[in-house]
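Notes follow the structure.
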Amino acid sequence: TWENHVMLGLLSSNVSLSGPIIKNKLSFSIAARRSYINKIILPMVNKFIKESISKFDNEYMFEDFNLKILYKINPKNRIEASGYLGKDLFTIYNKVNYIENDVSWGNLASTLKWKHIISEKKSVNTSISISNYHFNYDMKQDLYFMKLNTGMRTYKLKNEWLFTRDAGFVRFGMEMQLHTYTPSVVDAKIKDFTLDLGKSSKLHSIENGLFIDYPFRVGKSFSLIAGLRLSQFAHIGPYTHFGNEQSNIITDSSTYGKNEIVKNYVSPEPRLLSTFHINSFSSIKTSATFNTQYSHIVPIISSALPAEMWLPSTIDLTPQKVLQFSCGYFARKWNLEMGIDTYWKMLKDIRDTRGNMLNFYDNGNIQQLVARGEGRTWGVELSVEKNTGKLTYSIAYTYSRSLKLFPEINNGMVFPDKYDKPHEVTASLNYDLTPRWNVSALFTYSSGINITVPVARYIIQNSIVNIYGTKNGFRMPTYHRADVSVKYLFINKKKVKGEIIASVVNVYNHKNPYFIYYETLGSIEKYQLEVKKREVWLFPILPSLSLHFSF
């Protein structure tokens with residue numbers, strides 16, 4: 001059967017179409033979204049709300065596209081092909097200080113999957129896929145220009161077998177991955193002078209895994225899933241490793257050819273999940289897992305902007321290891337779903353940059369760029385949800401902490417992770433006034449992220465030199481926002497439905513800072529300087545009107 005949706009709005013539009021091409025044989029689904037916040041609504045809002053986006057002119061755009069084709073060869077075999085293309089672009093421009101930042105990121109992915117049904121209780125899935133992630137950051141300020149690119153491409157082959165038992169699903173299989181990393185490509189200019197930051201390089205690796213999950217049931221109340229994954233990761237050439245260093249002079253190096261193994265790692269990864277049913281409406285769930293993460297996410301610049309890159313495990317970068325425990329109590333009663341869930345996580349061999357900016361190139365030594373440390377993360381989440389009746393709602397509160405310790409960073413003292421946000425609250429409400437009228441509201445609240453900022457400055461040779469404080473020692477202001485919407489069903493037929501939706505994002509126009517920069521006013525020659533903190537906000541109040549049709 002056909003199932004189609006079309007939404008046309010002032011902030012964004014989307015369309016999804018799905019249906020048969022050959023009945024009971026070949027079908028498809030296609031979906032696309034596109035925003036144009038800065039084209040219609042934002043210019044109108046800025047005319048009525050003074051300094052709604054500080055002194056910056058912001059532009060934000062996202063778009064994505066999904067395609068899926070399903071072909072049933074026969075009752076026991078089917079093939080599915082899917083593809084995804086997504087892109088986000090955020091631009092900040094300040095005419096007063098000649099500052100322009102362009103941040104864009106996206107992913108291109110495709111998958112081909114074959115499902116074979118052996119019997120009613122046995123099946124096997126085989127898939128091949130490719131994904132290509134990219135991140136670009138362009139910065140211009142007066143006479144200075146910098147362009148940074150980073151990304152990661154992955155080819156993947158996976159084979160998975162499923163057996164149905166009374167206790168659950170037995171799952172086992174294997175997967176193979178080939179990664180290509182582009183850590184960072186940096187171009188920089190000062191007026192017409194180009195800075196030579198070295199030749200960029202690509203890093204390559206192979207990752208393999210064997211896995212099995214086996215369910216058990218003990219009596220009627222207790223169930224258990226025991227799992228084991230054996231992972232293997234090899235950093236392969238071409239690669240040149242620089243070893244010993246004396247007085248900042250490299251005295252040793254080793255060169256590896258294409259596909260030659262530079263460093264090999266093997267790790268068992270066990271896990272255990274259990275569920276104990278106390279009675280018909282409540283249960284306790286626990287888990288204990290040990291994982292090895294071979295790809296590292298490392299910040300490129302120490303700022304609020306989401307500039308991060310991927311690095312593989314190498315001779316100098318050992319894999320990250322994560323040990324996690326969780327325990328939660330869940331209940332369903334009085335038409336409510338309630339839960340309290342706690343977790344504790346220990347991280348070893350995590351990575352961070354030694355300075356304020358990371359540039360990776362061929363003749364660099366990773367040990368001189370990236371520091372090694374450990375982390376602790378813990379938290380508790382309380383939630384209540386009602387999904388039945390005219391009035392439905394959900395409320396969740398999370399208290400969590402994420403702290404790091406690096407002997408070579410922050411004088412060896414503990415510091416918070418960039419995304420350590422102790423308090424987070426989400427609340428949503430949905431009410432059917434009549435069969436045709438519906439109102440809804442959403443509220444979000446969270447502690448601000450942590451960044452490293454200057455705490456003092458001095459002048460040397462007519463240049464301002466910043467002295468930075470403790471690592472991630474400044475917490476951004478609290479983020480909170482409320483959205484409301486009203487829907488009216490004006491077409492309600494068997495095969496066609498139509499809705500008109502009026503909505504307001506950030507209804508009380510709270511200014512949530514996206515990042516902070518410091519503006520220097522005055523004259524260096526006269527030693528009359530004034531430094532002011534400037535906050536750049538994403539979006540003010542954004543009203544919108546949309547039409548939604550389903551047929």
Side-chain angles (χ1 to χ4, degrees), residues 1-9 12-34 62-87 106-132 154-177 211-215 225 387-388 392 435-436 438 487 489-499 501 546-551:
T1 59
W2 286 88
E3 184 177 346
N4 307 310
H5 298 270
V6 177
M7 177 175 283
L8 304 174
S12 65
S13 294
N14 62 75
V15 58
S16 64
L17 308 172
S18 63
I21 300 175
I22 302 175
K23 189 176 181 180
N24 298 325
K25 198 75 173 177
L26 182 64
S27 61
F28 82 103
S29 66
I30 185 172
R33 296 188 306 166
R34 176 67 158 85
F62 70 82
E63 60 184 5
D64 54 38
F65 177 81
N66 286 275
L67 174 64
K68 183 182 294 184
I69 297 176
L70 178 63
Y71 178 61
K72 294 182 180 179
I73 302 173
N74 53 47
K76 291 191 174 183
N77 294 277
R78 70 178 187 181
I79 295 176
E80 180 183 298
S82 61
Y84 169 81
L85 173 63
K87 181 181 180 181
N107 195 21
L108 173 65
S110 60
T111 302
L112 181 64
K113 185 193 304 185
W114 169 41
K115 181 175 183 178
H116 174 60
I117 300 174
I118 302 172
S119 65
E120 185 178 350
K121 294 186 177 182
K122 299 177 184 179
S123 65
V124 57
N125 292 314
T126 303
S127 64
I128 55 174
S129 61
I130 178 175
S131 65
N132 193 355
T154 298
Y155 298 93
K156 184 176 180 179
L157 170 65
K158 184 175 182 179
N159 180 256
E160 181 182 63
W161 295 71
L162 291 174
F163 290 77
T164 305
R165 299 177 69 243
D166 293 337
F169 292 100
V170 177
R171 185 179 71 97
F172 64 90
M174 55 78 66
E175 61 182 12
M176 302 171 61
Q177 299 181 74
F211 57 88
I212 182 170
D213 287 331
Y214 202 92
I225 298 177
N387 292 317
T388 59
T392 60
R436 289 182 177 268
N438 172 274
K487 295 181 183 180
L489 184 65
F490 66 93
I491 299 177
N492 189 16
K493 297 182 179 180
K494 185 177 181 180
K495 293 186 177 181
V496 180
K497 295 186 183 298
E499 293 177 319
I501 306 168
S546 304
L547 287 173
H548 177 219
F549 297 95
S550 58
F551 52 93

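As a basis for the values below, the full set of heavy atoms in this structure was taken, side chains included, without hydrogen atoms, waters or symmetry mates.
Atom CE of Met7 sits in a crowded spot, with more than 12 heavy atoms from other residues, nucleotides or ligands closer than 6.0 Å. Surrounding NZ of Lys72 are at most 12 heavy atoms belonging to other residues, nucleotides or ligands under 6.0 Å away. Counting non-hydrogen atoms of neighbouring residues, nucleotides and ligands closer than 6.0 angstrom, the CZ atom of Phe169 reaches no more than 12 such neighbours. Within a 6.0 Å radius of CG in Asn24, no more than 12 heavy atoms belonging to other residues, nucleotides or ligands are found.
Nearest heavy atoms, Val496 versus Ile491: O-CG2, 3.7 Å. Here the shortest heavy-atom pairing between Lys76 and Ile118 reads NZ-O, 3.6 Å. Minimum interatomic distance between Ile21 and Phe28 (heavy atoms only, all atoms of both residues): CG1-CD2, 3.8 Å. The two residues Ile501 and His548 make their nearest non-hydrogen contact at CD1-CB, 4.2 Å. Across Asn132 and Asn107, no two heavy atoms sit closer than the pair O-OD1, 2.8 Å.
Pairs of residues two or more places apart, or lying in two chains, that qualify as side chain to side chain donor-acceptor pair (under 3.5 Å) and include a residue from residues 117-130 are Thr126-Asn159.
For Thr392 (side chain) and Thr388 (main-chain N/O), no donor-acceptor pair under 3.5 Å exists by modelled atom type. The backbone N or O of Val170 lies less than 3.5 Å from no partner atom in the side chain of Arg165, so there is not a single donor-acceptor pair. Thr111 places no side-chain N or O within donor-acceptor distance of the main-chain N or O of Ser82, the cut-off being under 3.5 Å.
Expressed to the nearest 0.5 Å, how far CH2 of Trp114 lies from CG of Asn77 amounts to 6.0 Å. Of the inter-residue distances, the one linking Glu80 atom CD with Ser27 atom OG reads 9.0 Å to the nearest 0.5 angstrom. Atom CD1 in Ile79 sits 3.5 Å away from atom CD1 in Ile73 (nearest 0.5 Å). Once rounded to the nearest 0.5 Å, the distance linking CD of Gln177 with CG of Leu157 reads 10.0 Å. To the nearest 0.5 angstrom, Ile130 atom CD1 is 7.0 Å from Leu108 atom CG. Rounding to the nearest 0.5 Å gives a distance of 9.0 Å between OG of Ser29 and CG of Leu70.
Using a 4.5 Å cut-off on side-chain heavy atoms (C-beta onward), Val6 and Asn4 make no contact. In this structure, the side chains of Leu489 and Glu499 come closer than 4.5 Å at one or more pairs of heavy atoms. Counting only heavy atoms from C-beta outward, the side chains of Tyr155 and Ile128 never approach each other to under 4.5 Å. By the 4.5 Å heavy-atom criterion applied to side chains, Ser550 and His5 are counted as neighbours. For the pair Arg33/Ser12, no side-chain contact is recorded, criterion being any heavy-atom separation below 4.5 Å from C-beta on.
Judged as a side-chain hydrogen bond (donor to acceptor under 3.5 Å, both in side chains), and not counting sequence neighbours, Arg436 has no contacts.
Ring centroid separation for the pair Trp161 and Phe211 does not come in under the 6.0 Å cut-off. Ring-centre distance between Phe172 and Tyr214: not below the 6.0 Å cut-off.
Aromatic ring pairs are classed by plane angle as parallel below 30°, tilted from 30° to 60° and perpendicular above 60°; the pair Phe490 and Phe549 is perpendicular.
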